[in-house]
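Encoded as structure tokens, the structure appears first; notes follow it.
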2 protein chains.
Amino acid sequence: MKDIARDLGVSVITISKVLRNHPDIGDETRQRVLARVKELDYRPNLAARSLVTGRTYLVGLVVPDLLHPFFAEIAKSLSDVLRESGYYLIVTSSEEDPNLEEQEINHLLARRLDTLIIASCRPTVDLFFRIEKQQTPYVLIDRSLPGLAANFVGVDDDAVGMLATGHLIDIGCKRIAHIRGPETSPSIRRMEGYKRALMRAGLKVTDDYIIAERKGDVGTKQRGSEAMGQLLSLKARPDGVFCFNDPLAMGAMNYALDQGLRIPEDIAVIGCGNLHYDDSLRVPLSSIDQHSRRIGEEAARLVITILNSKTPPKPETVVLRPELIVRRSTQRRAAKLASSKARPRL
Amino acid sequence: MKDIARDLGVSVITISKVLRNHPDIGDETRQRVLARVKELDYRPNLAARSLVTGRTYLVGLVVPDLLHPFFAEIAKSLSDVLRESGYYLIVTSSEEDPNLEEQEINHLLARRLDTLIIASCRPTVDLFFRIEKQQTPYVLIDRSLPGLAANFVGVDDDAVGMLATGHLIDIGCKRIAHIRGPETSPSIRRMEGYKRALMRAGLKVTDDYIIAERKGDVGTKQRGSEAMGQLLSLKARPDGVFCFNDPLAMGAMNYALDQGLRIPEDIAVIGCGNLHYDDSLRVPLSSIDQHSRRIGEEAARLVITILNSKTPPKPETVVLRPELIVRRSTQRRAAKLASSKARPRL
DNA sequence: GTTGACATCGATAACTTTACCGATTATCGT
DNA sequence: ACGATAATCGGTAAAGTTATCGATGTCAAC
């Protein structure tokens with residue numbers, strides 16, 4: 001910047017103002033500066049700018065697994081929306097490990113990011129109080145924490161459980177099992193929805209029908225397969241399964257099919273996530289769409305709102321309504337199907 | 001830092017040295033400093049550090065599509081390896097648009113990132129010369145550019161084409177078609193491999209059998225479906241198809257199956273990428289594994305090597321050997337199958 | 001007692017940019 | 001012609017950290 005200023009016989013401050021579209025500068029000077037800037041292919045040092053303005057124009061994203069299409073889609077839509085406002089995304093994965101998550105968040109805090117977006121696997125709220133003490137705004141996505149008044153964007157997981165289970169009931173299932181996810185709010189809520197739907201239909205909740213996620217996360221597809229094995233070995237074999245997410249459902253379906261069972265005739269299966277390949281599977285998979293893209297977009301919108309307001313606004317909660325997508329894995333009685341909009345995407 | 005220094009009656013410099021494990025500091029002082037640092041939950045301002053050291057400990061990743069599992073897997077493995085060395089990843093998507101890619105790279109250059117990792121969709125090399133002028137090291141992944149001596153990590157795409165096409169020939173296909181990808185080096189090379197394998201087997205190359213990627217990227221699965229439609233309308237219908245990647249193959253298979261064709265009996269299909277769900281599809285998909293995780297790991301290793309060496313080392317090229325994974329979509333003659341190691345993952 | 005080696009700590013300057021306010025000139029109404 | 005207002009530009013200081021080198025103290029060796 002000094003060089004340009006010297007070359008043009010103006011001050012460094014003038015250059016700085018031109019670069020930020022400050023209205024102080026006359027048109028002629030502005031043009032001369034811009035010309036020279038382009039000539040030298042000059043770009044201001046954003047680290048120095050951050051130092052004095054206190055803003056980095058960086059937003060941190062912490063997810064449990066970048067490979068999971070659900071989080072990948074969120075990352076993508078987040079990145080798209082934030083970019084339009086000049087913010088960039090620095091992503092990191094917690095691998096579903098609370099300690100790693102803490103470590104990552106600590107590092108991101110040191111970088112003085114403008115906001116954090118977190119799909120947390122932490123069981124307690126202490127870490128988030130620390131974040132608040134640092135004055136760093138944050139937005140929780142997908143997973144909420146009890147007793148924490150924070151910005152949150154996610155789907156109504158209670159409704160997810162009810163919708164999926166209710167659908168299985170509608171098509172005539174009597175013994176409905178549930179394969180759970182990791183110990184976080186979505187898994188808990190979806191199970192509650194599952195139980196409520198059963199009770200509402202006069203069916204009783206059987207503990208044997210609820211398969212918990214194991215600790216060592218071995219990869220959800222294989223886990224789904226194992227869980228289905230467990231279910232099929234029961235005396236009263238279930239005739240419908242609601243899986244926490246689609247990879248689990250894939251594994252579960254594979255196992256059942258390999259055992260010679262028919263889906264949905266012998267056992268119906270429904271997942272959650274509505275992933276892109278659901279309609280291309282051995283048996284196209286019914287699922288609950290949780291609007292992952294919109295979660296990203298809403299979170300981005302929230303972030304921008306927060307960063308544009310002088311004083312931190314009070315926490316906002318965005319809860320999206322899940323949507324039932326019926327495919328063959330639950331198409332047992334054609335009569336009952338009102339909304340069979342299997343939307344083909346990508 | 002000033003506060004801590006004042007509290008402890010030492011200088012700011014001492015604090016700084018302790019924080020960076022500089023050997024200058026005595027054990028007792030070091031402990032006192034660390035205690036106070038922990039007490040205040042203090043973290044040094046990395047923007048200021050960047051300003052004076054000239055390093056940001058940030059690595060930029062530019063990919064055409066974050067949602068594509070291939071790039072998602074690379075992002076994940078990159079992030080994992082880089083984190084161990086204290087580097088973080090800032091990711092951005094070019095949406096397969098050369099102009100957007102340029103814009104993104106410009107922005108990343110302004111941030112003075114330590115290295116860029118790029119899966120480029122640019123047709124020319126000019127932009128990369130600009131990057132070199134900025135002294136920012138970079139590593140190309142997946143896609144190389146002709147006439148550019150740069151660091152590169154990717155798979156041997158010529159071998160991919162030969163391996164896939166050769167496999168189709170081995171199982172008895174006579175009229176082998178190819179659905180291409182976007183106009184980048186992998187697509188070009190794979191087609192060359194495809195042609196060479198045909199010629200080597202004494203089969204002739206038919207232009208009608210080569211379907212080019214359309215400009216407006218509508219989502220590869222649907223594109224695969226359309227391409228298959230085009231192929232099936234030919235007088236001499238092909239009996240084998242090699243698809244540029246697995247999503248294309250999925251779409252192609254869906255269309256063929258919906259038309260009542262049998263896979264692989266009427267038409268065999270092979271893709272590339274070996275994605276996690278390949279073995280759960282309507283017809284489990286044969287594929288070429290391009291070792292996406294290792295691409296990320298090797299790229300990360302390269303980055304760390306570059307950043308640890310005082311002077312920029314001369315460009316390194318890492319070419320991985322592709323691996324054939326046979327599944328049902330090409331299992332026509334059981335005899336020929338030597339390496340049917342369908343590796344179940346996730 | 002002097003020398004040298006080593007361990008420990010600090011002073012100064014620099015990195016690049018921007019916020020804040022003051023200075024200068026031009027324009028305009030009366 | 002005068003003061004007032006607006007437009008345009010610049011000076012000073014500050015942001016939080018680190019590199020470099022110099023300063024001090026300790027101890028052993030001769």
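A quick note: this is a predicted structure, and the numbers were derived from the prediction, not measured.
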5'-most by nearest nucleotide on DNA chain D - A:Ile13 or B:Leu19 |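 Going by which nucleotide is closer to the 5' end, it is A:Ile13.
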
Under 4.0 angstrom, heavy atoms only, what part of the nucleic acid is A:Ile25 near: base, sugar-phosphate, or nothing?
->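 Contact class for A:Ile25: sugar-phosphate only.
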
Using ring pair (Phe, Tyr, Trp, His ring centres under 6.0 Å) as the criterion, list what pairs up with [X], not counting sequence neighbours.
X	result
B:Tyr57	B:Tyr87
B:Phe128	B:Tyr138
A:Phe152	none

Which residue pairs pass the ring pair (Phe, Tyr, Trp, His ring centres under 6.0 Å) test when at least one of the two sits in residues 99-124 of chain B, sequence neighbours left out?
-> A:Tyr88-B:His107

All stems with DNA chain D, defined as three or more consecutive Watson-Crick or G-U pairs under 3.5 Å | C:1-30 with D:1-30

Salt-bridge contact [X]-[Y] (side-chain N to carboxylate O under 4.0 Å):
X	Y	result
B:Glu297	B:Lys76	no
A:Arg83	A:Asp80	yes
A:Arg294	A:Glu73	no

Residue pairs passing the side chain to side chain donor-acceptor pair (under 3.5 Å) test where at least one lies in residues 2-15 of chain A, sequence neighbours excluded = A:Asp3-A:Arg6, A:Asp7-A:Arg36, A:Ser11-A:Thr14

Which residues share a salt bridge (charged side-chain N to carboxylate O under 4.0 Å, His left out) with B:Glu316, sequence neighbours left out | B:Arg301

Range on DNA chain D touched by chain A - first to last nucleotide, heavy-atom distance under 4.0 Å = D:dT8 to D:dG16

Is A:Ser16 near enough to C:dT18 that one of its side-chain N or O atoms lies under 4.0 angstrom from OP1 or OP2?
-> yes

Where along nucleotides 21-27 of chain C does protein come under 4.0 Å, by heavy atom, of base (B) or sugar-phosphate alone (S), with - for untouched nucleotides?
-> -------

Starting at the 5' end of DNA chain C and moving along, which residue's nearest nucleotide shows up first, A:Lys2 or A:Ile15?
-> A:Lys2

Which pairs, with at least one residue in residues 137-154 of chain A and sequence neighbours excluded, count as a salt bridge (charged side-chain N to carboxylate O under 4.0 Å, His left out)?
-> A:Glu96-A:Arg143

So which of residues 29-56 of chain A are in contact with DNA chain C, with a heavy-atom cut-off of under 4.0 Å?
->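 Close to the strand are A:Tyr42, A:Pro44, A:Asn45, A:Ala48, A:Arg49, A:Val52, A:Thr53.
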
Do side-chain atoms of A:Ser187 reach the backbone of A:Gly181 as a donor and acceptor pair under 3.5 angstrom?
->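 Yes: the side chain of A:Ser187 pairs with the backbone of A:Gly181.
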
Is there a donor-acceptor pair under 3.5 Å between the side chain of A:Arg55 and the backbone N or O of A:Leu307?
-> yes

Side chain to side chain contact (heavy atoms under 4.5 Å, CB included) involving B:Leu127 - partner list, sequence neighbours excluded = B:Glu102, B:Ile105, B:Arg122, B:Arg130

